[in-house]
K.L.:
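First the structure, which I've put down as structure tokens, then a few questions once you've had a look.
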Amino acid sequence: MKRLFSVFLALVLLCALCSGCAVSNPGPLRVCIDLGSSNDLNSYDPGKSAMETDVEKFQTWLDDCSKYIREGITSEEIEWEFIPSDETMLTEREAALQRIRTEIMTGGGPDVFLCTTNLYKTADHPTDSRLFPYVEKAILDGRFLPLDEYLSRAILTNPDDLWEPVMKAGQDRQGKQAVLPMTFTVNVLTYPREVLPEYDSTGKTWNDVLKGDDPVLSLQSLWAFNTEKLIPEPTVHWPWVRSSYFAAFPFLYPKTADFETGKLCFTEEELFHRIKENLAACRSLLENGEYQQQNCALSTLTCTQLRPFDLEQEITYIPLRNETGGTTARIDRWCAVNANTKQPDKAFEVIDALMSENYQKGGSLYLGEPNMPVNKKIGSPELPIHEMEREYFSAQQFEEYQRACGEIDAAYFPSLLEDRLMSYSDGLIYTVQTHLYNSFAHDESLSFSSPEVFLQGSIDDDTLSRMVHETYEAMQRLLDES
Amino acid sequence: MVITMRKRTYQAYLLLSPLLLGCVIFYTAPFVTVIRLAFQTGGGFGLGNFTVLLQNNTFTLAFGNSMKFFAAGLPLILLLAYGIALLLKTQARRHKLLKSVFLLPYSMPVVGTVLLMELFMGESNSSFWITVALYLWKNTGYTVILLLAGLVIIPEEQYESAGLDGATAWQKFRFITTPQMWMPLFFAVTFSVINGFKCFREIFLVGGEAPENDIYMLQHFINHSFENLNYQKLSVSSLLLLLVILLFFGAFYTFVRRKEC
């Protein structure tokens with residue numbers, strides 16, 4: 001009797017233990033969204049967060065598209081997963097990231113990722129923890145499913161319409177498209193056409209900028225650091241102009257690091273000399289005062305930049321030169337399919353919908369995204385970016401935009417490495433500029449990024465060398481940990 | 001009789017099977033996953049990840065710092081704890097409260113310890129030795145208790161008998177105390193190593209995610225590898241650490257068993 005009872009008890013315990021081990025079907029398609037948007041309520045529909053409203057609109061659009069999609073995935077088959085990014089939800093964010101990373105490690109995880117790289121540590125975003133801190137490394141490690149075969153069969157997306165140099169950043173070692181950049185940005189000098197009719201800077205490098213021979217090109221040296229509005233109040237043609245609102249230092253390099261070899265793409269000495277040369281060029285420009293004669297704007301090319309320009313205003317764009325004679329694009333938003341997914345076909349349907357021309361031009365999940373969609377046709381009067389407001393180029397402006405983007409020869413996904421160069425909290429550029437600011441006596445009301453900081457502030461080689469050394473070591477450590 | 005014993009053994013294993021199965025699922029399976037990830041390279045399986053990691057300067061820094069921490073901290077804590085335990089041996093039974101006092105640093109909340117660390121680190125450049133000092137301060141009492149437990153069970157008659165034969169204090173220590181203290185010492189070393197790894201909590205709270213070079217520990221490297229989804233690095237680091245710990249404890253345990261024999 002005792003023996004029977006003990007055997008029965010053991011079997012019951014065994015069944016209880018194994019009850020959770022049933023083989024399950026894949027379940028709904030999991031789409032993970034980390035777009036860094038605030039989860040403030042009432043931004044759109046009452047009682048819903050902005051992101052939830054955007055997703056609902058995407059679901060409606062997806063359902064409308066389903067008749068065009070082979071697999072016919074509908075919104076009911078999708079489970080949306082938002083990673084909190086609001087400053088009041090940091091603990092929830094870390095917990096969500098931890099959970100997803102563990103799932104990926106054990107061969108699971110969400111099926112589709114839709115992420116932003118724009119998570120700098122600022123007052124609005126006190127965390128810089130991205131789900132994929134190094135997207136390029138994740139591509140090399142095979143975290144994403146190559147999509148070439150799917151793209152060739154795509155119904156809504158035409159890969160030929162996408163900016164190729166930007167798309168190339170999302171390719172793996174074998175040249176297969178693992179990540180699809182969705183939006184990007186480049187930096188441009190913008191002139192009224194009547195001031196500068198034409199300017200061909202093709203092939204000019206950052207070294208050419210530093211030489212200062214060309215008064216037009218030399219304006220770009222202001223981008224090395226965070227400089228405030230230096231251009232005087234413009235003529236009636238320009239409602240507003242602005243200088244760079246952040247230091248564009250990483251854009252000067254085609255790449256910051258080679259993740260395959262685990263080395264940075266420049267040595268410590270090169271970084272030291274680059275900062276020194278940039279500072280000298282910036283000072284030279286400010287000293288000779290010629291910049292004050294220029295009637296132009298230095299800015300990041302985003303779709304919100306288009307609003308102040310009249311459609312009648314003809315413009316000339318001069319993209320920010322990099323070291324290799326082209327211009328570097330920064331990728332801000334991207335999507336990909338998890339290599340562990342059990343439903344690749346359905347996952348790609350969502351990607352196809354996100355990357356489609358119609359959705360890129362005005363989809364709800366692009367609302368609030370200021371940067372340019374990767375579809376090169378969008379922005380023209382026939383295909384405006386957002387239909388809400390006038391956010392499209394005139395024919396001449398669009399042609400100039402296409403010419404500027406045609407000079408893109410490199411694109412990168414911002415990571416912690418670039419943050420170490422330029423972030424407002426602990427970036428090298430910011431540290432140098434802070435030293436300049438504190439190195440001379442001035443009124444407290446003097447702006448941190450005013451010309452006097454560069455003209456009167458000073459930094460000796462030893463101090464600069466120490467700062468560069470600390471940054472370089474920190475960057476190398478980040479790279480070793482990646 | 002034999003058949004009854006066999007049946008009882010069979011029943012015992014049957015009743016243990018749910019627990020054993022749970023251990024397999026929740027311990028062995030993840031362990032096997034880590035081994036698989038460590039040896040999995042792009043083209044199959046091999047030692048490629050190990051080669052890459054051993055050439056990684058940050059890993060060697062982290063590993064070296066961790067080994068340096070134990071190389072400095074372990075002997076010091078054992079010497080200190082053993083000395084205090086020997087001094088306390090005669091008083092332990094009379095002043096039981098004394099044992100509780102020694103556990104106070106161990107039970108001190110992390111916040112208090114961190115504040116202490118920050119106070120000293122702000123005035124000094126040697127974060128590594130401050131970390132070792134913290135480790136000693138926090139865990140010596142705990143180790144004293146472990147060693148004291150081993151000392152008090154040694155029969156007093158042995159010391160008295162040795163004393164009658166003219167043995168000196170050193171001879172009593174060497175020939176009576178030491179042979180009977182190897183196993184308690186082994187446990188003290190085991191718990192000291194465990195407590196040493198727990199010090200990472202205070203180091204992390206003071207140094208943050210990117211501490212100075214001399215307190216950049218293996219746990220920092222492993223944490224960042226996980227955050228960067230580099231599971232191969234994480235797995236290889238963990239396996240190398242396990243290897244070192246197994247070698248150390250294997251050798252020490254063998255030594256202790258020989259001494260006991």
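First the proteins, then the strands, lettered A, B, ... as listed; each starts at 1.
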K.L.:
Select one option (side chain, backbone, both, neither) describing which atoms of B:L16 are under 4.5 Å from chain A's heavy atoms.
P.N.:
neither
K.L.:
Taking the ring centre of each residue, are B:Y216 and B:F59 less than 6.0 Å apart?
P.N.:
no
K.L.:
When the ring centroid of B:F39 is compared with that of B:F45, is the distance short of 6.0 Å?
P.N.:
no
K.L.:
Which label fits A:F413 and A:W334: parallel for a plane angle under 30°, tilted from 30 to 60°, or perpendicular past 60°?
P.N.:
perpendicular
K.L.:
Which atoms of B:L53 come close to chain A, meaning under 4.5 Å heavy atom to heavy atom: side chain ones, backbone ones, both, or neither?
P.N.:
neither
K.L.:
Side chains of B:F197 and B:F70: closer than 4.5 Å at any heavy-atom pair?
P.N.:
yes
K.L.:
So which bits of residues 473-482 of chain A come within less than 4.5 Å of chain B, counting non-hydrogen atoms only?
P.N.:
A:E473, A:Q476, A:R477, A:L479, A:D480, A:E481, A:S482
K.L.:
Let me confirm one number: the CD-CD1 distance from A:E94 to A:I83, rounded to the nearest 0.5 Å.
P.N.:
10.0 Å
K.L.:
What part of B:Q232 lies closer than 4.5 angstrom to a heavy atom of chain A: side chain, backbone, both or neither?
P.N.:
side chain
K.L.:
Charged N to carboxylate O under 4.0 angstrom, A:K342 versus A:D111?
P.N.:
no
K.L.:
Quick one about A:E418 and A:S415 (side-chain donor to acceptor, distance below 3.5 Å, no hydrogens or angles considered), yes or no?
P.N.:
yes
K.L.:
Is any residue of residues 95-102 of chain A within less than 4.5 Å of chain B by heavy atoms, and which ones?
P.N.:
A:Q98, A:R101, A:T102
K.L.:
Can you tell if the side chain of B:V236 reaches within under 4.5 Å of the side chain of B:L240, non-hydrogen atoms only?
P.N.:
yes
K.L.:
Counting heavy-atom pairs under 4.5 Å to chain A, which of B:L234, B:I222, B:N213 comes out on top?
P.N.:
B:N213
K.L.:
Any side-chain heavy atom of B:T33 within less than 4.5 Å of one from B:Y231?
P.N.:
no
K.L.:
Quick check: B:H220 with B:F200 (ring centres under 6.0 Å apart)?
P.N.:
yes
K.L.:
Check this for me: does any side-chain nitrogen of one of A:K137 and A:D141 sit under 4.0 Å from a carboxylate oxygen of the other?
P.N.:
yes
